[in-house]
Protein chains: 2
Amino acid sequence: MEKAVALQVFEALSSPVRLDVFRLLVQAGRAGKVAGEIAEALDVPPTNLSFHLKGLTQCGLASVEQEGRYQRYRANIPLMLDTIAFLTANCCADDPDECADLRRGTPAAAPFLPALEPVARARGTSRS
Amino acid sequence: MEKAVALQVFEALSSPVRLDVFRLLVQAGRAGKVAGEIAEALDVPPTNLSFHLKGLTQCGLASVEQEGRYQRYRANIPLMLDTIAFLTANCCADDPDECADLRRGTPAAAPFLPALEPVARARGTSRS
DNA sequence: GCAATATTTCAACACTCGTTGAACTATTGA
DNA sequence: TCAATAGTTCAACGAGTGTTGAAATATTGC
């Protein structure tokens, strides 16, 4: 994946409205949602929603298909996964032990953010 | 994870400089890098780098540790994984078959990718 | 103490982004 | 054809972001 694409994806996901829309589409799966459904679900004015849907489609994170007078949007999950792969490429200096340690410390559904207590912990104090 | 945190993470990753810095730190692993090393590796002026490092640390994506007159930065990989989990929560209308289809053809680059398992098994389906 | 090194803060500027109402296009149903 | 519905485009404004040089802070070695 090219860096430019990853940047566009992250930029798209950095807006509250677009993040909500994308997650809604991810949860909708193949079925997707038409613009009106999205607008109703998220309580976003049509004008504004259209603006953000354009952003999501332009970076490839969503696709559109016309259905009569409706526009059906769907999440591009492969692109999302590609972007994640790009972000984690060659991680941990290619040391599998490091990766294992880091993953162990992170239950996939952690309720609290480990904001300022990250990898630094692994160095010096608790590890030999 | 709170939506606000995920937003800050994506916003942080939506800048070319910050994306480069974060990926560099991910690749550096536990060792991390001091600001000067990052500046040299990416050819970013110190003033500008400092600005972006602040952004990365404020959202929790990087940590700082003082080492004499140096500042050592490290990637917060658990936070990154939490964010990914947040993004993919309840995907595909909780239909495991959909997830399996979508994940097919996705590059399995980093050792981190297995952490995405919840995507495919959101509904307790044993697969593999 | 003093100079050199490493990094951050500050002020200023151009630039981009998000939101909104009004106007526009396209499709449906009568 | 006409009115209603679904959605997008446009113009404008305020707010936020990225970059830079100059100045400030902190640490090291002499």
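From a predicted model like this one, the values you see are computed outputs, not experimental measurements. By convention in this document, chain letters (A, B, ...) are assigned in the order of the sequence lines, proteins followed by strands, and residues within each chain are numbered from 1.
A:D43 has its CG atom 13 Å from the P atom of C:dT19, to the nearest Å. The interatomic distance linking A:F51 (CZ) with C:dT20 (P) rounds to 12 Å, in whole Å. The CG atom of A:L19 sits 13 Å away from the P atom of C:dG18 (whole-angstrom rounding). In this structure, A:Q8 places its CD atom 11 Å from P of C:dC17, rounding to the nearest Å. Spacing between atom CG of A:L49 and atom P of D:dT9 amounts to 12 Å, rounded to whole angstrom units. Atom pair A:N48:CG and C:dC17:C1' shows a separation of 11 Å (rounding to whole Å applied).
Contacts between residues 52-74 of chain A and DNA chain D, defined by a heavy-atom separation below 4.0 Å, involve A:K54, A:R69, A:Y70, A:Q71, A:Y73, listed by number. Contacts between residues 33-41 of chain A and DNA chain D, defined by a heavy-atom separation below 4.0 Å, involve A:V34, A:A35, A:G36, listed by number.
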Working for side chain to side chain contact (heavy atoms under 4.5 Å, CB included), residues B:Y73 and B:V21: CA-CA 10 Å; B:Y73 287 86; B:V21 170; over 6 Å; no
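Within the 4.5 Å cutoff, the side chain of B:F10 has heavy atoms near those of the B:T83 side chain. Contact check for A:F86 versus B:L19: side-chain heavy atoms found under the 4.5 Å cut-off. The closest side-chain heavy-atom distance from B:V9 to B:L79 is below 4.5 Å.
Among all heavy-atom pairs drawn from B:I38 and B:K33, the shortest one is CG1-CB, 3.7 Å. Minimum heavy-atom separation, B:G60 to B:N76: O-ND2, 2.9 Å.
Between B:R18 and D:dG18, a side-chain N or O to OP1/OP2 separation shorter than 4.0 Å is present.
B:E65 and B:R72 are not joined by a salt bridge, as no carboxylate oxygen comes within less than 4.0 angstrom of a charged side-chain nitrogen.
Here the side chain of B:E2 pairs no donor or acceptor atom with the backbone of B:A4 at under 3.5 angstrom.
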